[in-house]
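Reading through the structure tokens given below for one structure.
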Amino acid sequence: MWSNWAGNETATAPIARPVGLEQLRATVAEPENLRVVGAGHSFTPIVGGAERILDLSELHLPTVGPVKDGQVWVNANARLRDISPALAEQGVAFRNLGDINTQSLAGAASTATHGTGRTLPCLAAEITDAKFIGATGDILTTSQIPLEMAQVTLGLLGIVTEARINVVPKYNLRRQVTLTDLPDVLANMHQNWAENRNFEFFYIPFTGKAVELRHAVTEDPESKAPRDLDMLAVKVLKLARDAGRFSPGLRKLLLNLLTLAQSDEDYVGESWRVLCSDRHIRFREMEYHLPADIAGDVLTEVFRRLERDHKDIYFPIEVRQTAGDTACLSPFQGGPRISIALHTDAGEDHSRYFNALEPLFLEAGGRPHWGKMHSLSYKDLSGLYPDFDRFCALREELDPKGKFMTPALSRLFGP
């Protein structure tokens, strides 16, 4: 049985693991519908309901090809954590990455996964060409699928086998971490995005504090990596929440001790090692991308409602910004957006929290992350994306029998 990382989505369909392109083409050409799985880091129900599942982790393709003119062809189903060191061997790197790199490139790009940085686009925007296996087993390229539609697809136009991506010379980053009062964070966040290559912050519920992270390119040599205390911090936050059910004062005491124990961090390392980290505590997530000019007001209201109505929440809220791009299904199409990510423990009910705050994001014109939880339908999405119906028309043309559709996807991409 297949399960995603968080454990909230499962599927019992048979799993095929083709090892060559011809075997893959023959498998896709079979009549039953199918979905491809990667690392399972999406939280949405886009695999369940498929009659077959494809796992492409054993597909025989080189991880990366030779670099030419700042671009390189890569195995789209290789994991980001394997692509980064392979690129480094050729003296190049991704321009930017998110904080998790266990995903396949295809999975991360197809859901518009992103990092943070006002001038840095999501991973999909770095794709300049791609090769697909279409619904009948045919080979498609960006001569049949316009690039702006091929970059973010949710796997609906075909199975991406290879992608050509932009790369930059290999570089080191300095990460600086500080604990800051929330009012100062909100007052200065736009300035921090303007002044820092990468900037983000995590609000720690019920403390009035946020952890700020800044990254800057540096020529300084690598330093010793600090201990990863994120897992310990989340465990303390959960302990404080549980204690607060019996004594609000004890919760406050534990939170104060946690913030006092938070130390500043200054670390230099290879870019992908600094940007990415492991996630050992499993969670569920909702993330919306909002117009930058109104995100501050929305954040203030999110924090107010969290502390008024959701005292069971202990996971921090993550806030990032991503540059705009031109991909039809990119949440960042048309301009930069600020992303607000809510998390709950994977084993706890998320619905009350997510359902209460999602209307705030929608009222502000927010677009959901394609790989994270939301309640939207075709009608909602068609109103949020100028080219949504154009994408749906191409999907229908390339896959009229719904080879890559599932019931959940039909609710999103079928009127």
Side-chain angles (χ1 to χ4, degrees), residues 39 41 63-76 78-109 111-128 151 163-178 192-202 211-230 264-279 318-323 325 332 336 339:
H41 255 281
T63 302
V64 303
V67 178
K68 182 178 180 181
D69 299 328
Q71 298 183 341
V72 59
W73 281 96
V74 302
N75 176 355
R79 302 296 179 92
L80 297 174
R81 66 187 179 195
D82 297 322
I83 296 174
S84 286
L87 292 175
E89 290 180 1
Q90 299 193 58
V92 295
F94 286 105
R95 189 189 317 272
N96 200 26
L97 287 166
D99 60 357
I100 298 174
N101 66 350
T102 58
Q103 310 102 315
S104 66
L105 174 68
T111 54
T113 293
H114 61 102
T116 188
R118 193 176 72 168
T119 63
L120 300 170
C122 71
L123 189 58
E126 302 290 4
I127 293 177
T128 62
Q151 290 171 319
R164 185 170 62 188
I165 61 171
N166 292 315
V167 290
V168 298
K170 180 180 172 181
Y171 60 100
N172 283 356
L173 285 175
R174 164 168 273 119
R175 180 172 71 211
Q176 295 177 302
V177 180
T178 56
N192 278 317
W193 271 306
E195 295 178 350
N196 294 277
R197 182 189 191 273
N198 308 90
F199 174 75
E200 66 180 305
F201 65 90
F202 292 80
V211 176
E212 296 183 319
L213 286 80
R214 297 170 175 81
H215 295 133
V217 176
T218 180
E219 298 294 329
D220 291 347
E222 296 183 33
S223 59
K224 183 179 179 181
R227 292 181 60 193
D228 184 359
L229 299 177
D230 288 350
D264 292 349
E265 181 183 312
D266 193 336
Y267 162 55
V268 175
E270 191 175 350
S271 58
W272 66 275
R273 297 183 188 277
V274 174
L275 291 168
C276 305
S277 57
D278 294 329
R279 288 289 181 264
E318 183 179 18
V319 183
R320 296 177 284 176
Q321 184 169 187
T322 302
D325 59 54
F332 313 103
S339 305

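No side-chain heavy atom of Asp264 sits less than 4.5 Å from a side-chain heavy atom of Val177. Considering only heavy atoms from C-beta on, Asp220 stays 4.5 Å or farther from Asn172 through its side chain. Here the side chains of Ile83 and Phe94 are in contact, with some heavy-atom distance below 4.5 Å. Side-chain contact between Leu123 and Thr113: absent, with no pair of heavy atoms (C-beta onward) separated by less than 4.5 Å. The shortest distance between side-chain heavy atoms of Phe199 and Gln321 does not fall below 4.5 Å.
Atoms CZ and OG1, on Arg95 and Thr119 in that order, are 9.0 Å from each other to the nearest 0.5 Å. To the nearest 0.5 Å, atoms OG1 (Thr116) and CZ (Phe201) are separated by 10.0 Å. Annotation: the span from Thr102 atom OG1 to His41 atom NE2 amounts to 3.0 Å, rounded to 0.5 Å. Here Arg320 contributes atom CZ and Asn198 contributes atom CG; the two are 11.0 Å apart, rounded to the nearest 0.5 Å. In this structure, the separation between CD on Glu126 and CG on Asp325 is 10.0 Å, given to the nearest 0.5 Å. Between Ser277 atom OG and Asn101 atom CG the span is 8.5 Å, to the nearest 0.5 Å.
For residues 79-90, there are no side chain to side chain donor-acceptor pair (under 3.5 Å) pairs, not counting sequence neighbours.
Not counting sequence neighbours, Arg273 has no partner by the side-chain hydrogen bond (donor to acceptor under 3.5 Å, both in side chains) test. With sequence neighbours excluded, no residue satisfies salt bridge (charged side-chain N to carboxylate O under 4.0 Å, His left out) with Arg118. Ala124 pairs by the side-chain contact (heavy atoms from CB on, under 4.5 Å) definition with Ala109, Cys122, Gln151, Val152, not counting sequence neighbours. The side-chain hydrogen bond (donor to acceptor under 3.5 Å, both in side chains) test applied to Ser104 returns no partner, not counting sequence neighbours.
The backbone N or O of Leu173 lies less than 3.5 Å from no partner atom in the side chain of Arg197, so there is not a single donor-acceptor pair.
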Show your working on side-chain contact (heavy atoms from CB on, under 4.5 Å) between Leu213 and Gln176 and close with a plain yes or no.
CA-CA 6 Å; Leu213 286 80; Gln176 295 177 302; over 6 Å; no
Is there a side-chain contact (heavy atoms from CB on, under 4.5 Å) between Leu80 and Leu105? Walk through the geometry before answering.
CA-CA 6 Å; Leu80 297 174; Leu105 174 68; 4.0 Å; yes
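In this structure, Gly269 and Glu222 approach most closely via the heavy-atom pair CA-CG, 3.8 Å.
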Would you list the atom pairs, donor with acceptor, under 3.5 Å between side chains in residues 65-76 and any protein atom, with sequence neighbours excluded?
unit_1	atom_1	unit_2	atom_2	d
Gln71	OE1	Arg164	NE	3.3
Gln71	NE2	Asn166	OD1	3.2
Asn75	OD1	Asn77	N	2.9

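Residue Glu265 forms a salt bridge (charged side-chain N to carboxylate O under 4.0 Å, His left out) with just one option from Arg214, Lys224, Arg175, and that option is Arg175.
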